[in-house]
Amino acid sequence: MLYVLDQAGQFFKINPDGSNRTPISMLDPGLDNMSFADDGRLYMTNNDEGWVAEILLPSGQPRYLSPGGIIRPQGLVAMEGSNNQDILFEADLFNLRTFNGTNGRQLEQFKGFLIPEGPESLILPQNLSPDGENLVVSSWFSGAVQVWSTVDQSVETISYGFPDVQKIPIDAVRVAGDIYISDLTVGGVVREGTSTPVVALVSSGLASDGDILYAADWGSGNGSTDGIIYAIDISAGTPPEKIAEGLSNPEGLALDQEGRLLVVETGTSSLLRIDLMNGNARTTLAEGLDFDKGSLGAAGPPSFFFDAVAVGPSGDIYVTGGGSNVIYKISQNKVR
């Protein structure tokens, strides 16, 4: 008798010849591995949810040894929730999760699909940016960008780049009415419906105040110090302006409530602030953050799994720490 699990969450047993398939239980989607111990006990893991459990037989019900949670925190957006509390939207690769910004409790989650079930399916969420009541979702795993409604979960797929060429979007934001995408394939930041970059760079994070696009160039390699931040006035159509140089692998970008630019500098494990109204003066807001610094080499984007920053309506700052699977919070009253 064979015991079988599948990614949809089905756990069943079946004869080696394929006969007598018998359902045992239905578990969370994302089942990954299982193993029998020498004493006959069965253990199972779930990749999407991050849990490890003993599976009690014959019922097939899990006894959680590690309850799981976020598995790969990447993009972040903070929106206004009830009682003046921030709600966080977190791109967690296989799920889009929401959290209470005050106590960190998970509120909801929405499944992403590597193989879409239909045009309404959410792609595997890896990066996020705010777009009114919507989110702009980017995924180099899925090779796509979508606009996803927080109200009814409907999606709109954004077209850009070269036909029949694999897309590798790292981030995307709306600027002056259009979506702009930072994509490794096109070699920079491109407006939706086009394939010519408005700025050439090694794709990384984006941010916008609605008119000006801020774009990070990740740099030449892990730990390098040739990262750049560009500002591009989309409405005016002026050339890109370098507002910061000498950065070490900048990724997530966000504007705070004072219009200053926050930068996740993964190469130094720091969060920086650039005062755009004061000669682009830099301030280090946090150090020692555990960012994801993995790499697929030439097989994937240099940023690998992205670390992001978001500013809530409360003024609090949130940063993903992919190295420890955490979301950091920096309270407004602690920001100097």
Side-chain angles (χ1 to χ4, degrees), residues 74-76 126-127 129 138 140 161 167-173 175 180-191 195-208 212-234 238-256 260-309 319-323:
Q74 297 174 75
L76 275 181
Q126 293 190 272
N127 215 340
S129 67
S138 309
W140 61 265
K167 296 177 175 62
I168 310 178
I170 305 302
D171 201 0
V173 297
V175 192
Y180 284 77
I181 305 100
S182 188
D183 185 290
L184 283 171
T185 299
V186 299
V189 181
V190 64
R191 179 172 58 85
S195 57
T196 302
V198 297
V199 58
L201 45 71
V202 180
S203 294
S204 192
L206 301 175
S208 176
I212 297 176
L213 171 66
Y214 299 95
D217 183 319
W218 193 83
S220 59
N222 273 316
S224 65
T225 56
D226 53 356
I228 301 169
I229 305 295
Y230 293 93
I232 308 156
D233 191 330
I234 296 298
T238 53
E241 174 191 358
K242 293 180 182 180
I243 61 171
E245 297 183 78
L247 298 174
S248 185
N249 309 140
E251 294 188 8
L253 305 180
L255 293 165
D256 69 10
R260 298 168 297 192
L261 185 66
L262 305 181
V263 181
V264 172
E265 191 179 32
T266 60
T268 62
S269 303
S270 304
L271 177 68
L272 307 181
R273 183 178 67 204
I274 300 175
D275 192 338
L276 302 173
M277 303 301 292
N278 186 27
N280 297 330
R282 301 183 198 178
T283 302
T284 299
L285 298 184
E287 297 178 287
L289 305 177
D290 191 9
F291 296 132
D292 187 301
K293 296 181 182 180
S295 173
L296 290 175
S303 57
F304 194 47
F305 290 116
F306 193 91
D307 280 298
V309 58
V319 185
T320 52

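- Atoms OG1 and CZ, from T283 and R273 in turn, are 4.5 Å apart once rounded to the nearest 0.5 Å.
- Partners of E287 according to the side-chain contact (heavy atoms from CB on, under 4.5 Å) rule, which considers only residues two or more places apart in sequence or in another chain, are S270, T284.
- Shown are I243, I229, L261, D275; of these, the side chain to side chain contact (heavy atoms under 4.5 Å, CB included) with N280 is made only by I243.
- Closest approach of P301 and I170 over heavy atoms only: CB-CD1, 3.6 Å.
- Judged purely by distance below 3.5 Å, without hydrogens or angles, the side chains of S220 and D226 pair a donor atom with an acceptor atom.
- Looking only at distances, a side-chain donor or acceptor of N249 sits under 3.5 Å from a matching main-chain atom of G221.
- When atom types are taken as modelled, the side chain of K293 and the backbone of T266 share a donor-acceptor pair closer than 3.5 angstrom.
- Contact detail for P169 and I181: the closest heavy-atom pair is CB-CG2, 3.8 Å.
- Across every non-hydrogen atom of T320 and L76, the tightest pair is CG2-CG, 3.4 Å.
- With hydrogens and angles ignored, the 3.5 Å screen pairs a side-chain donor or acceptor of W140 with a backbone N or O of F304.
- With values rounded to the nearest 0.5 angstrom, F305 atom CZ is found 5.5 Å from Q74 atom CD.
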Donor-acceptor list for residues 196-208 side chains, cut-off 3.5 Å, not counting sequence neighbours:
from : atom 1 : to   : atom 2 : distance (Å)
S203 : OG     : S182 : OG     : 3.2
S203 : OG     : D183 : N      : 3.1
S203 : OG     : D183 : O      : 3.0
S203 : OG     : L184 : N      : 3.3
S204 : OG     : P250 : O      : 2.6
S208 : OG     : G210 : N      : 2.8
S208 : OG     : I212 : O      : 3.0

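- Looking at heavy atoms from C-beta onward, Y230 lies out of side-chain contact with E241 at the 4.5 angstrom threshold.
- Side-chain contact between E251 and D292: absent, with no pair of heavy atoms (C-beta onward) separated by less than 4.5 Å.
- Heavy-atom minimum distance, I232 versus T238: CG2-O, 4.0 Å.
- For the pair E265 (side chain) and S248 (backbone), a donor-acceptor distance under 3.5 Å is present.
- Counting heavy atoms from C-beta on, the side chains of V319 and D307 never come closer than 4.5 Å.
- D256 meets the salt bridge (charged side-chain N to carboxylate O under 4.0 Å, His left out) test with R260; sequence neighbours excluded.
- Considering CG of L247 and OG1 of T225, their distance stands at 9.5 Å, rounded to 0.5 Å.
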